[in-house]
Amino acid sequence: MKYLLIIFFMIGFSSSGQSLEGTYLGSLVGDQDIILIEKDKKHYLVTLHTGESTSLISVGTEKSGGLVFEIPMNDGDELEVFAKRKGDMLALEFELEKEKHQVNFSPLIKSSASVTPSSSKEQIDERLVGTWIEKQTFNLDGSLNKDHDNSAKNYKIVYTEDGRYIHDTRFFRDLARKGGHEFKFSDIPSFTYTTTEGKNLILKVPSINAAEQLTYEIRSDSLIVYFRLIKTVFVKEKQ
């Protein structure tokens, strides 16, 4: 499911605590930016995705309980940004034209402890079991989301009877290439899933005790999965 659910699968899954590492969604350069923070020895690598083909990479350093990194501006200057955790949020502070600003980015992944428990018992919705082919991705107003649409790829997702969630390995390979990362099959974690109330889909990575809750609906042979501001349509593969 594109950069949102996408990075949730590939790199995301931040565990509990106040670590700065993780993937966050917010608005800094564009309306919907994604920040990926990874740690490499003493430094942090900060990748800012501002669109389908625009990525800005900066090396960050720890300072005063947070992280400082720079973003290149159109006039050739560098915008210094101070990032720190505020609860689950990543707060970015910077000064532009002598005026101080703060924007908050929300994590794409939450630890399983932060997922609100449902009053209904978690179970497996038998209607989900099978192989689904990813088709188009839309904004909630019904317009096509071109940045996150993967309809030409026909990625497949398998929901098994015993609760395993198996995503097309091509998805991870393509994502790694797009981000300039080396792809390794060993980097793909094992996922499980459960459902509640016939509308809530809970995806989990047991190895790191992480989970994310989405909503879904099934219409005939179509599955619609909602994640934040987008919805992705899947069609069930015929046997």
Side-chain angles (χ1 to χ4, degrees), residues 1-16 23-25 32 34 88 106-145 147-151 153-172 175 188-239:
M1 198 167 306
K2 302 3 81 303
Y3 261 112
L4 306 181
L5 187 53
I6 291 184
I7 297 185
F8 166 70
F9 292 139
M10 178 68 179
I11 318 168
F13 279 122
S14 53
S15 56
S16 58
T23 308
Y24 306 87
L25 174 68
Q32 197 172 76
I34 291 176
D88 285 336
S106 58
L108 289 182
I109 309 351
K110 299 179 181 179
S111 68
S112 58
S114 66
V115 175
T116 304
S118 171
S119 58
S120 301
K121 184 178 180 180
E122 293 184 15
Q123 54 189 356
I124 299 296
D125 187 341
E126 294 182 356
R127 299 176 301 163
L128 277 174
V129 175
T131 301
W132 299 85
I133 303 172
E134 181 179 342
K135 294 300 181 181
Q136 294 178 307
T137 296
F138 300 91
N139 299 308
L140 296 185
D141 63 4
S143 61
L144 182 67
N145 190 312
D147 288 340
H148 301 141
D149 184 69
N150 278 335
S151 55
K153 300 289 188 178
N154 286 321
Y155 293 132
K156 295 183 179 182
I157 293 179
V158 179
Y159 295 86
T160 69
E161 293 181 347
D162 59 357
R164 287 175 294 139
Y165 174 95
I166 305 171
H167 206 293
D168 198 322
T169 55
R170 295 178 300 142
F171 170 81
F172 299 97
L175 179 64
I188 303 176
S190 296
F191 296 92
T192 63
Y193 79 96
T194 54
T195 60
T196 62
E197 301 177 354
K199 64 177 182 179
N200 299 314
L201 174 62
I202 304 171
L203 301 178
K204 303 177 181 179
V205 178
S207 61
I208 58 173
N209 192 34
E212 181 67 272
Q213 180 171 300
L214 305 86
T215 58
Y216 72 97
E217 61 176 315
I218 296 176
R219 301 176 184 174
S220 185
D221 64 346
S222 296
L223 166 66
I224 305 172
V225 178
Y226 299 87
F227 186 72
R228 297 188 184 276
L229 301 177
I230 65 174
K231 61 181 179 181
T232 299
V233 178
F234 299 81
V235 175
K236 198 160 193 177
E237 184 175 65
K238 299 185 184 299
Q239 299 298 325

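By convention here, the first residue in the shown sequence is residue 1.
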Atom [atom1] of [X] and atom [atom2] of [Y]: how far apart are they, to the nearest 0.5 Å?
X	Y	atom1	atom2	result
I166	K156	CD1	NZ	13.0 Å
F138	N145	CZ	CG	10.0 Å
I202	N200	CD1	CG	6.5 Å
I133	Y155	CD1	OH	14.0 Å
I224	R219	CD1	CZ	4.0 Å
F227	E212	CZ	CD	4.5 Å

Kindly give the heavy-atom pair with the smallest separation between [X] and [Y], and that separation in Å.
X	Y	answer
Y193	T160	OH-O, 2.9 Å
K204	A211	CG-CB, 3.8 Å
L128	Y159	O-CB, 3.4 Å
S151	Q136	CB-CG, 4.0 Å
S190	P206	O-CD, 3.6 Å

Whether [X] side chain and [Y] backbone form a donor-acceptor pair below 3.5 Å:
X	Y	answer
T195	D125	yes
K231	G142	no
R170	N154	yes

K135 NZ: over 12 foreign heavy atoms closer than 6.0 Å =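 Buried by this count: over 12 neighbours within 6.0 Å.
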Determine, stepwise, if the pair Y216 / Y226 fulfils ring-ring contact (aromatic ring centres under 6.0 Å, His included).
-> CA-CA 6 Å; Y216 72 97; Y226 299 87; 9.5 Å; no
Next item on the list: Mind running side-chain contact (heavy atoms from CB on, under 4.5 Å) on F191 and V205 for me, showing each step along the way?
Entry: CA-CA 5 Å; F191 296 92; V205 178; 3.4 Å; yes
Let's go through D221 and K238 carefully: what are the C-alpha distance in whole Å and the side-chain angles of both, what is the deciding distance for side-chain contact (heavy atoms from CB on, under 4.5 Å) to 0.1 Å, and is it a yes or a no? CA-CA 9 Å; D221 64 346; K238 299 185 184 299; 4.3 Å; yes
Do [X] and [Y] have side chains that approach each other closer than 4.5 Å (heavy atoms only, starting at C-beta)?
X	Y	result
T137	N150	no
T215	K199	no
Y165	T192	no

Problem set entry | Audit row: N139, L229, side-chain contact (heavy atoms from CB on, under 4.5 Å) steps and yes/no | CA-CA 6 Å; N139 299 308; L229 301 177; over 6 Å; no
